[in-house]
Enquirer: 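Take this structure, written in structure tokens, and hold onto it; I'll ask about it next.
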Amino acid sequence: MASKDLKIAYILPINGRQKNQPVEVLFNPAEYSLEKGNTFQSTPLPGLATPVTQWVTGNADVLTMDLFFDTYSKSSRHSNVQQREDVRNYTRKISSLMDVDPTLHSPPIVQFIWGPPIGSPENLQFTGIIEKVSQKFTYFLDDGTPVRATLNVTIKEYKTVQEQLAEIGRQSPDRTKRRIFKEGESLWFYAAQEYSDSGAWRIIADQNALDNPRLIDPGTEIELPPLEVSSK
């Protein structure tokens, strides 16, 4: 029997119709992998033997694991009639988290949580979207009902712009700046120049109430607000 101290891993939707309704796994994963990467751009310059390599952006972390499901051994040992449950009743709960939520118009954001109480150093808490689920059914009843399965689950990290800026801890000068928008310029260019982060263009767009940052008339005055990022 499982120890009372064993913490069962679960996937928790944090928005949408299934918000705060945890989906427990039947068996904890034997292992998991975390992948992290960066994107660099190489630019050839005249007169140089090798291209100049410049960091462009970080890539989202990726959590990958195999989850094992077995309903064959769940039948009652005291019953003369063996009733085996379809393992898809459990695997479907996870694969359905890739479906479009009608209240979000996109799949929900989820957290994979495993270990001691949330906040403990040993706790694994990974927030992201389920990018891929590969299902492999390995044992069947005589009528074809699957009773064992392995799911390979890939979760890609999700963070808001505000969360990323808070982690980096960047701040711009203390006063708002203004620019006159010129043909050929972009909010991405302004954000990279002012905040050293082209992804912060959304902050400029929000400050100037721009619904479509690709459609800005030349001569428009653009405000570049200071970033007020509190340290955690």
Side-chain angles (χ1 to χ4, degrees), residues 12-17 19 34-48 50-64 97-112 125-132 154-232:
L12 180 70
I14 61 175
N15 63 354
R17 293 188 305 177
K19 180 179 179 180
L34 280 168
E35 180 181 345
K36 187 177 183 67
N38 283 322
T39 297
F40 293 85
Q41 177 178 333
S42 296
T43 304
L45 296 179
L48 297 183
T50 59
V52 174
T53 301
Q54 183 179 15
W55 179 81
V56 177
T57 182
N59 297 327
D61 290 359
V62 177
L63 172 67
T64 306
L97 293 174
M98 297 184 65
D99 297 339
V100 174
D101 188 297
T103 65
L104 301 172
H105 306 291
S106 65
I109 301 169
V110 302
Q111 288 181 334
F112 180 81
Q125 182 178 354
F126 191 90
T127 302
I129 50 95
I130 298 182
E131 185 178 43
K132 183 173 64 174
T154 300
I155 303 177
K156 178 172 285 189
E157 181 184 33
Y158 174 87
K159 289 183 180 179
T160 65
V161 173
Q162 290 73 18
E163 289 172 335
Q164 295 183 60
L165 291 176
E167 290 180 356
I168 296 172
R170 291 182 179 146
Q171 291 189 343
S172 70
D174 292 335
R175 66 173 185 267
T176 297
K177 293 184 178 181
R178 291 174 173 80
R179 301 276 183 88
I180 301 300
F181 191 84
K182 299 177 182 178
E183 187 173 357
E185 292 184 336
S186 67
L187 299 192
W188 296 267
F189 171 77
Y190 288 164
Q193 191 175 53
E194 180 67 14
Y195 309 127
S196 299
D197 181 6
S198 60
W201 66 268
R202 295 179 179 84
I203 297 174
I204 303 175
D206 291 342
Q207 176 74 12
N208 294 271
L210 298 172
D211 295 329
N212 190 340
R214 297 181 183 275
L215 300 177
I216 303 176
D217 294 329
T220 301
E221 185 179 77
I222 303 295
E223 288 189 357
L224 307 179
L227 296 186
E228 298 179 358
V229 181
S230 59
S231 59
K232 292 186 177 180

Enquirer: Using modelled atom types only, decide if a donor and an acceptor are shared between the side chain of N15 and the backbone of I109 within a distance under 3.5 Å.
Expert: yes
Enquirer: I want to check something: taking the side chain as every heavy atom from C-beta on, are T154 and V62 in contact at a cut-off of under 4.5 Å?
Expert: yes
Enquirer: How about F126 and L34: do any of their side-chain heavy atoms sit closer than 4.5 Å?
Expert: yes
Enquirer: Please confirm whether the backbone N or O of A191 pairs with a side-chain atom of E194, one donor and one acceptor, at under 3.5 Å?
Expert: no
Enquirer: Hey, can you tell me if W201 and W188 have their rings parallel, tilted or perpendicular (30° and 60° cut-offs)?
Expert: tilted
Enquirer: D101 versus P107: any side-chain heavy-atom pair under 4.5 Å?
Expert: no
Enquirer: Can you name the residues that form a side-chain hydrogen bond (donor to acceptor under 3.5 Å, both in side chains) with R179, not counting sequence neighbours?
Expert: Q193
Enquirer: Could you list the residues that satisfy side chain to side chain contact (heavy atoms under 4.5 Å, CB included) with T39, not counting sequence neighbours?
Expert: V56, T57, N59
Enquirer: With a 4.5 Å cut-off on side-chain heavy atoms, are T53 and S42 touching?
Expert: yes
Enquirer: Applying salt bridge (charged side-chain N to carboxylate O under 4.0 Å, His left out), which residue pairs with at least one partner in residues 210-227 are found, sequence neighbours left out?
Expert: R178-E221, R178-E223
Enquirer: Which value, rounded to the nearest 0.5 Å, describes the distance between T220 atom OG1 and K182 atom NZ?
Expert: 13.5 Å
Enquirer: Does any part of the side chain of L224, heavy atoms only, come nearer than 4.5 Å to the side chain of I204, both counted from C-beta?
Expert: yes
Enquirer: Of all heavy-atom pairs between I203 and P225, which one has the smallest distance, and what is that distance?
Expert: CG2-CG, 3.9 Å
Enquirer: Is there a side-chain contact between F112 and L12 in this structure, where contact means two heavy atoms from C-beta onward sitting under 4.5 Å apart?
Expert: no
Enquirer: State which residues pass side chain to side chain contact (heavy atoms under 4.5 Å, CB included) with L210; sequence neighbours excluded, sorted by chain then number.
Expert: L187, A205, N208, I216, I222
Enquirer: Atom OH in Y190, atom OG in S198: separation rounded to 0.5 Å?
Expert: 15.0 Å
Enquirer: For E131, give me all partners under salt bridge (charged side-chain N to carboxylate O under 4.0 Å, His left out), at least two apart in sequence or on another chain.
Expert: K156
Enquirer: Taking the side chain as everything from C-beta on, heavy atoms only, tell me whether E183 gets closer than 4.5 Å to P218.
Expert: yes
Enquirer: Hey, are the side chains of T127 and I14 touching, using non-hydrogen atoms and a 4.5 Å cut-off?
Expert: yes
Enquirer: Provide the full list of salt bridge (charged side-chain N to carboxylate O under 4.0 Å, His left out) pairs with a residue in residues 36-48, sequence neighbours left out, each pair given once.
Expert: K36-D61
